[in-house]
Amino acid sequence: MKRELEKNYNPKVIEDRIYKNWLDKKYFSAKIDKSKKPFTIVIPPPNITGQLHMGHALNATIQDILIRTKRMQGFPTLWLPGTDHAAIATEARIVDKMAQEGITKEDLGREKFLERAWAWKDEYGGIITEQFKKLGSSCDWDRERFTMDEGLSAAVLEVFIRLYEKGYIYKGERLVNWCPYCETAISDAEVDHEEKQGHFWHLKYKIDGEDEYLEFATTRPETLLGDTAIAVNPNDERYQKYIGKTVTVPIVNRQIPIIADNYVEMDFGTGVVKITPAHDPNDFEVGKRHNLDIINIMNNDGTLNENAGSYQGLDRYEARKKIIEEFKEMGLFTQAREISHSVGTHERCKKTVEPLIKEQWFVSMSEMAKPALDALYNGEVRFVPERFSKIYSHWLENIQDWCISRQIWWGHRIPAYYCEDCGHITVKLEAPSACEKCNSVKIYQDEDTLDTWFSSALWPFSTLGWPNKTEDLEYFFPTNVLVTGQDIIFFWVVRMVFSSIENMGEVPFKDVLINGTVRDSQGRKMSKSLDNGIDPLDIIAEYGTDALRLSLILGNAAGADQRVSFEKIESSRNFINKIWNATRFAMMNFEDSEITANLNDLMPQDKWILSKANTLIKEVTQNIENYELGVAVQKIYDFAWDEFCDWYIEMIKPRLYNKDDKTRNAALFTLKETLTIILKLLHPYIPFVTEEIFLTIQEKEETIVLSEFPKFSEELVFSQEEADIELIKSAIKSIRNLRAEMNVLPSKKVNMTIVCEDEKLGDVFKAGISFLQTLGYANEILIQNDNVGINKDDVAIIVSGAVIYMPFSELVDIEKEILRLEKEIENLKKEVSRVENKLENEGFTAKAPQKLIDEEKAKGEKYKAMLLETEKQLEKLRK
RNA sequence: GGGCGUUUAGCUCAGCUGGGAGAGCGCCUGCCUUACAAGCAGGAUGUCACAGGUUCAAGUCCUGUAAUGCCCACCA
């Protein structure tokens, strides 16, 4: 009935089969149990345009570890998956595809375009979800949501209307960040400031009625066509006399005033600034203060409009060149300096953003920012690591109103309806049949859609059914932890918090766990342009999902960047294979009959490993609770490989091979028990191989997914056995060390005599005889309390409380042996003096905890005894 | 201009609330020991960036310095 396992673990055939079974059996499906506290995570929804990358893999792995642990610990667990419609990114993708067919959006019209968009979504939108499944993600896929599905759209409209009615959403003419490529407004957060090489053009305007000129500098000369003033600092003595006079802007021949404003810095440049309220945020503010005209010179596509006179129709960069030429011809050009300055670019398309006056919808932030800040200050929301809360608070403290309207079609259309006759705006769920104000039936809906983040801001509650009062919402909200990257703290985390407080009356999650950026082996960000990305799907195909997950999380600390390399993936794969082979070994020894044991049958080594496993459980549970996932798995790794495989399994081999051994069953029991603990602790990290093995070694349970996570047990603390076995281990290590130094082959076994005055200690060695024989390469072992029968030339190994003699006299180079002992003595002396110094220090004995002092004292005794013994041995050799 | 990281073995990185420096990979030596050569046994390698300070005790806390990286910010 037991299956033969292959020699090496082969994930390929296993993973898909297992995942399918998990889905079929609905193990990930969240069940409401009001007698228990739930544990909930909502996934950061990937874009439907997305391709799985290492960032997703790390993010999903962390969430899955937390979810799987909690599920095994018995919490009703929900990991809610879904995708984001990614407004601009998706629309761009579809427009590009249409362009290949020679079609534009306008050719199709809004309705037809949206049909195509939905078709695109149906075809490609599920790819990313399928890829998340390849990661082993234990999401409740029956609850999968999409930001533009019916329910979430209803939530979006509901919030828009509520905020509008509250006066928080308003429509206004403002300077917005305009992307001439995407032809839409974007929010401040979507603008990246990139340092670029450019020119600082020095130009001048002639002062009207004077023979004087005002020289100014600009990086965007074309905007001067929209200048409506020129400004100096009121305290600038150089220019005071000109304040109130006018200059004429050439080309457009506009007379504009010379004004005084503190915004102008006297020391910077020439101390003169041209003011273009329609195309610069600062100038816009200056314009407001001085009641200046606002002249927009730009079309939506970045070409200049009718206000640009003869430049109409030219692209802004063309116009820039021509203007400089023209100023040169007019003698109004003085110099051009190379400078590096930051240029706003659209984070999606990387094209330069133009500040432009547009009528847009905004969310007023001042009121909603406050409670979101308070939530951080009073601990309702906590960042892990804590330092990331600064990004959150800094953003909220300096928050600007949020531009939420986008001039694209793919997204939630703004539920604002205009009356063609009286201009009245109605904001309602359904289109009104007639104007509320004048009863006109000429009603049309706002063309704009909402910022993607407006809908994702509602994600933690809209996905659970809000605005309906669903059972899910009632039970699973608020969620427990949000796992995300630091790059979207202000895009998303902040907005979820204030939206949730506003609409739900409480924060959407307690903890925000920040995962770092995944980098390549040289520490560079993985990117398409560098072509340095490692595709997680390639890794999965070659090494398996478990190896990928393990290499992402081993040694990973919260918030810290993580490099991936093939070396690390290979070593993770090797560890998985190690566990696989430990199982093969176990399976060779398990029999069909039930393995049982009670604690009385256990040998010291059994108690030793069970006790260590017990401690491991305690620490790992605590580490996971603290989000120290990398530390936790490192501990399991070390325990499984070093203690369990390299020591425990080796120690019990003689008992397993001897079918008559009365303790054989206890060994089998402990073997199975410990292996099971390891599997369960590892399962959240490497779900597939652990499931496969778990099903192989036992028949009672149908899956490890729903098995009980190991719990620490007071009954399994065996301090004495732990100490005893550790002593034997250190003796064996010393023996191996000596033999290696003397180049003795393992095949050469020797008789040993252990001299040990302490009777109890003698018993410990007696119990360890079989280990010394198999692991220490011994034949006969005598244990005695005196030196009777010891050959003077025998090599002596000093361990704490005993001396082990081995008949290597014929192999021993006396000189070398003397050197070895001398070195040993030197080391011991160092230890003794270190301890003595510490104990002689009154500060230490007075202030250090008693436990530590006792430990030091014990060590001192031990080392002194060993030192004495070593010196005795040296004396003997010298005689 | 502000803010936040990082600096620990040749490389990549752990090291929680201060109590004798760790892992993986790589390197050296020896092993096909009936779970595993994707393995076993043994070994070498660190002024924990630097300088001060607090403390009985500092990789860990405080101050400063230097390299390096990221984020924010309207210097025309």
Side-chain angles (χ1 to χ4, degrees), chain A residues 5 7-9 193 200 216-220 223 231 263-265 267-276 280-286 341-342 344 355 385 387-388 390-391 394-395 398 486-487 489-490 516-517 521-523 525 543 551 554-557 559-565 567-568 570-589 619 622-623 626 628 630-631 634 637-638 645-646 649-650 653 657 733 736-741 743-747 774-775 777 831 834-835 838 841-849 851-853 855-856 859:
Chain A
L5 296 181
K7 191 170 175 186
N8 283 332
Y9 175 59
H193 292 274
F200 211 23
F216 58 90
T218 177
T219 53
R220 292 181 298 156
T223 61
Y263 156 65
V264 182
E265 284 179 43
D267 307 335
F268 189 82
T270 59
V272 180
V273 183
K274 64 190 266 317
I275 302 297
T276 323
D280 182 278
N282 293 309
D283 294 7
F284 182 77
E285 293 304 316
V286 175
H341 62 144
S342 85
R387 65 173 184 274
F388 289 101
K390 282 217 169 177
I391 296 181
H394 184 255
W395 176 260
N398 298 287
Q486 59 156 312
D487 51 333
I489 289 176
F490 46 80
T517 309
S521 58
Q522 291 160 61
K525 222 170 180 171
Y543 297 93
S551 60
L554 252 177
N556 179 269
D561 286 356
Q562 178 78 1
R563 295 187 197 200
V564 287
S565 61
E567 290 80 1
K568 191 161 181 194
E570 271 181 21
S571 75
S572 301
R573 186 263 324 257
N574 293 353
F575 172 72
I576 290 163
N577 195 50
K578 184 77 183 174
I579 299 297
W580 179 259
N581 273 292
T583 309
R584 282 182 67 216
F585 172 79
M587 292 301 295
M588 288 167 61
N589 294 283
E619 291 182 5
Q622 190 57 53
N623 284 136
N626 296 343
E628 293 155 357
V631 175
Q634 183 70 251
Y637 182 107
D638 291 342
C645 290
D646 290 346
I649 287 183
E650 293 305 324
K653 275 181 179 172
Y657 292 159
K733 280 185 187 172
R736 285 172 174 173
N737 182 325
L738 184 77
R739 292 175 61 111
E741 264 180 42
N743 295 320
V744 184
L745 288 180
S747 53
T774 53
L775 309 180
Y777 318 104
E831 291 301 328
R834 188 191 61 77
V835 173
K838 222 169 185 181
N841 181 339
E842 280 176 29
F844 178 76
T845 47
K847 292 184 179 174
K851 192 183 159 209
L852 198 71
I853 297 171
E855 276 171 20
E856 289 296 327
K859 280 182 208 164

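A, B, ... follow the sequence lines: proteins, then strands. Residue 1 opens every chain.
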Item to check | Inter-nucleotide C1' distance (B:G26, B:G10), Å rounded | outcome: 8 Å
Next on the checklist: Of the options B:A38, B:G19, B:A76, whose atoms approach the side-chain atoms of A:N8 most closely?
Outcome noted: B:A38
Next on the checklist: What's the gap between B:G52 and B:A14 when it is taken at their C1' atoms, as a whole Å value?
Outcome noted: 28 Å
Checklist outcome for this item: From the candidates B:G39, B:A73, B:G5, the one with an atom nearest any side-chain atom of A:N574 is B:G39
Checklist entry - Could you give the CG-to-P distance, from A:L738 to B:A41, as a whole number of Å? => result 18 Å
Checklist entry - Reckon A:F388 touches a base, only the sugar-phosphate, or nothing at all at heavy-atom distances under 4.0 Å? => result nothing
Checklist entry - Between B:G19, B:G24, B:A76, which nucleotide has the shortest distance from any of its atoms to the side chain of A:Y637? => result B:G24
Item to check | P spacing across the pair B:A9 / B:G59, given as an integer number of angstrom | outcome: 15 Å
Next on the checklist: Suppose you measure atom C1' in B:G39 against the same atom in B:U34; what distance do you get, rounded to whole Å?
Outcome noted: 14 Å
Checklist outcome for this item: Answer for the Watson-Crick or wobble partner of B:C32, both distances under 3.5 Å, is none
Item to check | Sugar-phosphate only, base, or nothing, as touched by A:E265 at under 4.0 Å among non-hydrogen atoms | outcome: base
Checklist entry - If you check every side-chain atom of A:V631, which of B:A37, B:A14, B:A76 has the closest atom? => result B:A14
Next on the checklist: Students often get this wrong, so: under 4.0 angstrom with heavy atoms, is A:G555 touching a base, only sugar-phosphate, or nothing?
Outcome noted: sugar-phosphate
Item to check | Heavy-atom pair with the smallest gap, counting every atom of A:E856 and A:V835 | outcome: O-CG1, 3.2 Å
Next on the checklist: Can you tell me if A:D267 has over 12 outside heavy atoms packed within less than 6.0 Å of its CG?
Outcome noted: no
Checklist entry - Looking only at atom P, what distance separates B:A58 and B:C48, rounded to whole Å? => result 13 Å
Checklist entry - Are any of A:N398's side-chain N or O atoms less than 4.0 Å away from OP1 or OP2 of B:C72? => result no
Checklist entry - Heavy atoms under 4.0 Å, any strand shown: does A:A560 hit a base, just sugar-phosphate, or nothing? => result sugar-phosphate
Item to check | Out of B:C13, B:A35, B:A76, whichever nucleotide has its closest atom nearest the side chain of A:R563 | outcome: B:C13
Checklist entry - For A:K7, which contact category applies under a 4.0 Å heavy-atom criterion: base, sugar-phosphate, or nothing? => result sugar-phosphate
Next on the checklist: Is the ring pair A:F490/A:W395 parallel, tilted or perpendicular, if the boundaries are 30 and 60 degrees?
Outcome noted: parallel
Next on the checklist: Using a heavy-atom cut-off of 4.0 Å across all strands, would you classify A:N282 as base, sugar-phosphate, or nothing?
Outcome noted: base
Item to check | Spacing of the C1' atoms in B:U60 and B:G42 (rounded, Å) | outcome: 33 Å
Checklist entry - Which one is paired to B:U45, where only Watson-Crick or G-U wobble pairs with both distances under 3.5 angstrom count? => result none
Checklist entry - Using a cut-off of 4.0 Å on non-hydrogen atoms, how would the nucleic acid contact of A:Y657 be classed: base, sugar-phosphate, or nothing? => result sugar-phosphate
Item to check | Atom-to-atom span, CD of A:Q486 to P of B:G69 - whole angstrom | outcome: 16 Å
Item to check | A:N577, nearest nucleotide to its side chain (from B:A41, B:A38, B:A37) | outcome: B:A38
Checklist entry - For B:U12, does either OP1 or OP2 sit under 4.0 Å from a side-chain N or O belonging to A:K568? => result no
Checklist entry - Can A:K578 be said to sit on top of A:Y637's aromatic six-ring, NZ or CZ under 6.0 Å from centre and within 45° of the ring axis? => result no
Checklist entry - Starting at CG of A:N556 and ending at P of B:G24, how long is that distance when rounded to a whole Å? => result 18 Å
Next on the checklist: Heavy atoms only, 4.0 Å cut-off, all strands: where does A:P849 land among base, sugar-phosphate and nothing?
Outcome noted: base
Next on the checklist: Students often get this wrong, so: under 4.0 angstrom with heavy atoms, is A:Q622 touching a base, only sugar-phosphate, or nothing?
Outcome noted: nothing
Checklist entry - In whole Å, what is the span from the CZ atom of A:R739 to the C1' atom of B:A41? => result 11 Å
Item to check | A:R387 vs A:E741, nearer the 5' end of RNA chain B by closest nucleotide | outcome: A:R387
Next on the checklist: Minimum heavy-atom separation for A:T270 and A:A217, please, with both atom names.
Outcome noted: OG1-N, 4.4 Å
Checklist entry - Ion pair present between A:D283 and A:K274, side-chain N to carboxylate O less than 4.0 angstrom? => result no
Checklist entry - For A:Y777 and B:G30, is the shortest distance between a side-chain N/O and OP1 or OP2 below 4.0 Å? => result no
Checklist entry - Checking all strands, does A:R834 fall into the base, sugar-phosphate, or nothing category for heavy-atom contacts under 4.0 angstrom? => result base
Next on the checklist: Checking contacts here: which listed nucleotide (B:C25, B:A35, B:C40) is nearest the side-chain heavy atoms of A:S571?
Outcome noted: B:C25
Item to check | Residue matched to B:G64 through Watson-Crick or wobble contacts both under 3.5 angstrom | outcome: B:C50
Next on the checklist: What's the closest nucleotide to the side chain of A:E628 if the choices are B:C25, B:C74, B:C16?
Outcome noted: B:C16
Item to check | Atom-to-atom span, CZ of A:R584 to P of B:U34 - whole angstrom | outcome: 13 Å
Item to check | Gap between atoms NZ and P, on A:K733 and B:A41 respectively (whole Å) | outcome: 10 Å
Checklist entry - Can you tell me how far C1' of B:C25 sits from CZ of A:F575, to the nearest Å? => result 16 Å
Checklist entry - Atom OH of A:Y9 and atom P of B:G39: how far apart are they, to the nearest Å? => result 17 Å
Checklist entry - So what does A:K390 touch, heavy atoms closer than 4.0 Å: a base, only the sugar-phosphate, or nothing? => result sugar-phosphate
Checklist outcome for this item: What one should report as the nearest heavy-atom pair of A:A582 and A:I649 is CB-CD1, 4.1 Å
Item to check | Nearest to side-chain heavy atoms of A:K578, which nucleotide of B:G39, B:G19, B:A38 | outcome: B:G39
Item to check | Distance, C1' atom - from B:U54 to B:G43, rounded to whole angstrom | outcome: 40 Å
Next on the checklist: It should be established whether A:R736 places a side-chain nitrogen or oxygen under 4.0 Å from OP1 or OP2 of nucleotide B:G42.
Outcome noted: yes
Item to check | Nearest-angstrom distance, C1' atom, B:G30 to B:A37 | outcome: 14 Å
Checklist outcome for this item: Picking from B:C40, B:A35, B:C31, the nucleotide nearest the side-chain atoms of A:C645 would be B:A35
Item to check | Smallest separation among heavy atoms of A:T276 and A:T223, with atom names | outcome: CG2-O, 3.2 Å
Next on the checklist: For A:T218 versus A:R220, what's the shortest heavy-atom pair and its separation?
Outcome noted: OG1-N, 3.0 Å
Next on the checklist: Measuring to OP1 and OP2 of B:A35, would you say a side-chain N or O of A:K653 lies under 4.0 angstrom away?
Outcome noted: yes
